[in-house]
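Take a look at the structure below.
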Amino acid sequence: MKKFVSILGSYLGHMGVYFMLVMLVFGFVSLATASGSVSLVLIWTALLFAGLTSLCDFLFRIASMSLFVKVVLHGILTTASFALAVGTSGVLERGKTLVFGVILFVVCYAVAAVIGSAVYIAMEKKEANKQGYQNLYAPKN
C-alpha cells in the first residue's frame, strides 16, 4: 500500500508541476495577446497534457535502460502527448500552426533535456567521487 501511495504521490506531484508550467505559459500568452483570459478548453488541454506527460515520467524509473534511451523515449512520448492535447483541443484552426507548435516544443524539450542530462551526469559523477575508491582485492586488516 505504501508503494502505491508513493507512486500516486509522485504522479500527482509531477502532474501538478506540468499543469502549473503550462498554465503559466498560457497566462503569459494571454497577457501578450491582450485577450485577458484563458478559456476552459485551454485548461482541459493543459490538464490532459500534464496527465499524459506525468505518465511518461515513469520511464525514468526503469533501471535497465541508459539515460540516453530514457530521454529519447520520454521526448517522443511527451511530444506525442503535446500533439494529442493541442490537436484535440480544437484551439488551432490550421494544421501548419500545430506543426509549428510541435517543432517549437521539440526544440524547447531538446534544450531542457540537454541541460537536465548534463546536470544529472555531473551530480552522478560527483556522488561517485564522493564515495571513494575501495580496492576489492586488497586484504582487509
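Small disclaimer: the values here were computed from a predicted structure and weren't measured.
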Would you be so kind as to tabulate the donor-acceptor pairs closer than 3.5 Å made by side chains of residues 3-23, with sequence neighbours excluded?
unit_1: S10; atom_1: OG; unit_2: R61; atom_2: NH2; d: 3.3
unit_1: Y11; atom_1: OH; unit_2: G51; atom_2: O; d: 3.3
unit_1: H14; atom_1: ND1; unit_2: D57; atom_2: OD2; d: 2.7
unit_1: Y18; atom_1: OH; unit_2: D57; atom_2: OD1; d: 3.1
unit_1: Y18; atom_1: OH; unit_2: D57; atom_2: OD2; d: 2.9

Identify each donor-acceptor pair in which a side-chain atom of residues 63-71 lies under 3.5 Å from a protein atom, sequence neighbours left out, and give them as a table.
unit_1: S66; atom_1: OG; unit_2: V69; atom_2: N; d: 3.4
unit_1: K70; atom_1: NZ; unit_2: I62; atom_2: O; d: 2.7

Which atom pairs, one a donor and one an acceptor, fall under 3.5 Å between side chains of residues 118-125 and the rest of the protein, sequence neighbours left out?
none

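In this structure, F105 and F82 have parallel ring planes: the angle between them is below the 30° cut-off, well short of the 60° mark.
No single ILVMFWY cluster, assembled from side-chain heavy atoms under 4.5 Å apart, contains both Y109 and L77. No path of Ile, Leu, Val, Met, Phe, Trp and Tyr side chains, each step under 4.5 Å between heavy atoms, connects I76 with I103, placing them in separate hydrophobic clusters. In terms of hydrophobic clustering, with Ile, Leu, Val, Met, Phe, Trp and Tyr side chains grouped at heavy-atom distances under 4.5 Å, F49 and V102 are assigned to a common cluster.
Other residues sharing a hydrophobic cluster with V107 under the 4.5 Å side-chain heavy-atom criterion for ILVMFWY residues do not exist; the residue is a singleton. L48 belongs to a hydrophobic cluster with L52, L84, counting contacts under 4.5 Å between side-chain heavy atoms of Ile, Leu, Val, Met, Phe, Trp and Tyr, direct or through other members.
For F60, the ring pair (Phe, Tyr, Trp, His ring centres under 6.0 Å) partners at least two apart in sequence or on another chain are H74.
More than 12 heavy atoms of other residues, nucleotides or ligands shown are found within 6.0 angstrom of CZ on F58.
Taking all atoms of both residues into account, the shortest heavy-atom contact from T45 to A85 is CG2-O, 3.3 Å. For the pair L98 and A83, the tightest heavy-atom approach, listed with the atom from each and the gap, is CD1-O, 4.3 Å.
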